[in-house]
Amino acid sequence: MNLNEVLSHLEKNFDEDLERVREFLRMPSISYTGEGIEQTASKLKEIIEELGGTAEVVPTNGHPIVFGEFDEGQEHTLLVYGMYDVMPTDEEGWTVDPWGAEIKDLPKFGPCIINRGAVNTKGPLGAFFNTIRAIKEVDGKLPVNLIFAVEGEEEMGSRNFPAFLEQYKEKLAKAEAVLFPFFEQDEVGTPGLVLGTKGLLYFELVCQGGDWGGPTSRGIHGSFNAWVKNPAWRLVQALSTMVDVDENILIEGLLDDVSEIPEKERNILAQQIEDGIYDEKVFLENYDVRRLKYEGTGMDVWEKLYSRPQLNIDGIFSGYTGPGTKTLLPHIATAKVDVRMVPHMEPDEVVRLIRAHLDKHGFSDIEMNVANKYYWSKVSVDEHVVQAMIDTYRTMGKEPQIQPLNPGSAPYYVFERYLQIPYVTGGMGHGARQHSSDEYCTVQGVLDFEKSMAIFFDHYCQRVSGKQDQQETISK
């Protein structure tokens, strides 16, 4: 690949490329409502075909998956995973049209695109196609074959993605590794690289009036709480049995299968903390948090982020929550809860343990309705695809922050368990406020990302062909 020419081409054509990204972002594609889903899937098919690939919109029991191929006649093949669905835009605090892809100056970051999906993850996906276009226009073909699997239900737990992988397993088996293109630079410009993800269990707890007490079919006047128990109080009491005052998990057996960070990765983490690549103060400032959950600094707190599971209440709702006053004794109360699971916790076992805990503590009447499940996943730092991303960051003058696990969750387990191939998430560029108002990505970051993807292809080809200079890597 004529890398320098490709990078020059990206710079010269950036204004046009940026408009393509903004056009793509302006298309709503909300997984939970279905708004714009079909149109966006069709647009992705059109983009792949326009760039010389083949594509199809694959129906599922939910939203369609876009399958595409660039068969360049090359020796090596990468599977590009992506998601075109986004969250709704019903949060308060949007300062612009959430589908306008407006460019505004943000403090510390300069010109930024503000739009739902700007960072998570339609912005990176749209920019990735710009890199493909540049390489094709300079070299005529890509340095590796590409297979695309872009889903429309990631925000709902990738419900139909495993079935798709099973259906297309023979075609996907040509891939040697997976690339998930993403803006990975944090607020101070340090790129991140994760060696796996925590698993996710998302569920609702529903307490309704019944034999234990409480109204059964409708809310009643709040004054009758003198006689009648309240489902909201009962739900709060049930939740309070699950953690102590410091939010340490008390569910019996839940921590039995928890594994520590592997020694090699722990050593990398310790060294990077010593080198100043990790700084919890950056997190506190940018997320407007005054103190962490745990005492201490450095390794004392960072290893807990990557090695401990969490039990988080996402929301509680019951009764009257409108303006003014209305005394009400509700007949139902609901809590949305998620558990982030570390190796080697399995979601079905976690469900069983939580159900057993509720029953043991006298809350067998409270329903537990599971919505989403992701398994945890791990990848070795020594894989070619991972080392190629590290090489990319270093080529661009950045030392990456190597994370033993992504504290969040993504469906990487499907590649590990179904296809048995390694994966990496990466790319330069910065964005934030995912799932929140005024989600953004920096304009400069879009160009940096496009360049980083071209550099990554170059390093990956060198790695898999054995031509990469055997420099000292971060894994040593």
Pairing of R266 and E263 as salt bridge, 4.0 angstrom limit: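 Answer for the salt bridge query: no.
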
I'd like to check the side chain to side chain donor-acceptor pair (under 3.5 Å) partners of [X]; sequence neighbours left out, ordered by chain and number.
X: N13; result: H9
X: D279; result: none
X: D244; result: N248

Once you measure the plane-to-plane angle for [X] and [Y], does it fall in the parallel (<30°), tilted (30-60°) or perpendicular (>60°) bin?
X: F283; Y: Y287; value: parallel
X: Y413; Y: Y374; value: tilted
X: F128; Y: F148; value: perpendicular

Judged by atom type as modelled, is there a donor-acceptor pair below 3.5 Å linking the side chain of [X] to the main-chain atoms of [Y]?
X: E450; Y: L7; value: no
X: S8; Y: N4; value: no
X: Q272; Y: I402; value: yes
X: K451; Y: L447; value: no
X: T190; Y: D186; value: no

What pairs with [X] under side-chain contact (heavy atoms from CB on, under 4.5 Å), at least two apart in sequence or on another chain?
X: R20; value: E16, D17, N130, R133
X: P98; value: T89, W94
X: T297; value: E280
X: E69; value: T54, F67, I147, K174

Among pairs that include at least one residue of residues 107-121, which meet salt bridge (Lys or Arg N to Asp or Glu O under 4.0 Å), considering only residues two or more places apart or in two chains?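 The answer is E91-R116, K108-E285, R116-E439.
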
Compare all side-chain heavy atoms of [X] with those of [Y] and state whether any distance is below 4.5 angstrom.
X: E247; Y: L311; answer: no
X: V351; Y: V370; answer: yes
X: P111; Y: T442; answer: no
X: L18; Y: I113; answer: yes

How many angstroms lie between atom [atom1] of [X] and atom [atom2] of [Y], to the nearest 0.5 angstrom?
X: R394; Y: E399; atom1: CZ; atom2: CD; answer: 4.5 Å
X: E349; Y: L353; atom1: CD; atom2: CG; answer: 4.5 Å
X: D85; Y: M156; atom1: CG; atom2: CE; answer: 7.0 Å
X: K45; Y: I47; atom1: NZ; atom2: CD1; answer: 12.0 Å
X: N115; Y: R22; atom1: CG; atom2: CZ; answer: 9.5 Å
X: M1; Y: I135; atom1: CE; atom2: CD1; answer: 5.0 Å

For residues 255-262, run the donor-acceptor check on the side chains, cut-off 3.5 Å, and write out each pair with its distance to 0.1 Å, sequence neighbours left out.
{"from": "S259", "atom 1": "OG", "to": "P343", "atom 2": "O", "distance (Å)": "3.3"}
{"from": "S259", "atom 1": "OG", "to": "H344", "atom 2": "ND1", "distance (Å)": "2.6"}

May I ask you to check whether [X] and [Y] show a side-chain donor-acceptor distance below 3.5 Å?
X: T95; Y: D438; answer: yes
X: Y460; Y: H76; answer: no
X: D448; Y: Q185; answer: no
X: E75; Y: N145; answer: no
X: Q462; Y: D458; answer: yes
X: K122; Y: S29; answer: yes
X: H63; Y: S31; answer: no
X: N160; Y: E153; answer: yes
X: Y81; Y: E151; answer: yes

When you look at Y423 and S377, which way does the side chain to side chain donor-acceptor pair (under 3.5 Å) test go after all the steps? CA-CA 10 Å; Y423 54 82; S377 180; 2.6 Å; yes

Test applied, ring pair (Phe, Tyr, Trp, His ring centres under 6.0 Å); reference residue, H430; option that passes from Y440, F182, F449: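 Considering Y440, F182, F449, a ring pair (Phe, Tyr, Trp, His ring centres under 6.0 Å) with H430 is found only for Y440.
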
Under 3.5 Å, which donor-acceptor pairs link side chains of residues 193-203 to any protein atom two or more places apart or in another chain?
{"from": "K198", "atom 1": "NZ", "to": "L305", "atom 2": "O", "distance (Å)": "2.8"}
{"from": "K198", "atom 1": "NZ", "to": "R308", "atom 2": "O", "distance (Å)": "2.8"}

Among residues at least two apart in sequence or on other chains, which ones pass ring pair (Phe, Tyr, Trp, His ring centres under 6.0 Å) with Y278?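 Checked Y278 against ring pair (Phe, Tyr, Trp, His ring centres under 6.0 Å); matches are W302.
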
Results of ring pair (Phe, Tyr, Trp, His ring centres under 6.0 Å) for H384 - residues two or more places apart only: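 For H384, no residue satisfies ring pair (Phe, Tyr, Trp, His ring centres under 6.0 Å) once neighbours in sequence are set aside.
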
Scan L142, L146, D139 and name whichever one has a side-chain contact (heavy atoms from CB on, under 4.5 Å) with E72.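 Among L142, L146, D139, the one that satisfies the side-chain contact (heavy atoms from CB on, under 4.5 Å) with E72 is L142.
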
Run the numbers on D246 and K293 for salt bridge (charged side-chain N to carboxylate O under 4.0 Å, His left out), then give the verdict. CA-CA 8 Å; D246 294 317; K293 192 176 188 176; over 6 Å; no

Please lay out, stage by stage, how Q271 and D275 fare under the test side chain to side chain donor-acceptor pair (under 3.5 Å). CA-CA 6 Å; Q271 184 61 55; D275 293 342; 3.0 Å; yes

side-chain contact (heavy atoms from CB on, under 4.5 Å) between L44 and F129, worked out: CA-CA 10 Å; L44 284 170; F129 287 116; 3.8 Å; yes

Show your working on salt bridge (charged side-chain N to carboxylate O under 4.0 Å, His left out) between K378 and E416 and close with a plain yes or no. CA-CA 8 Å; K378 283 291 293 177; E416 183 182 359; over 6 Å; no

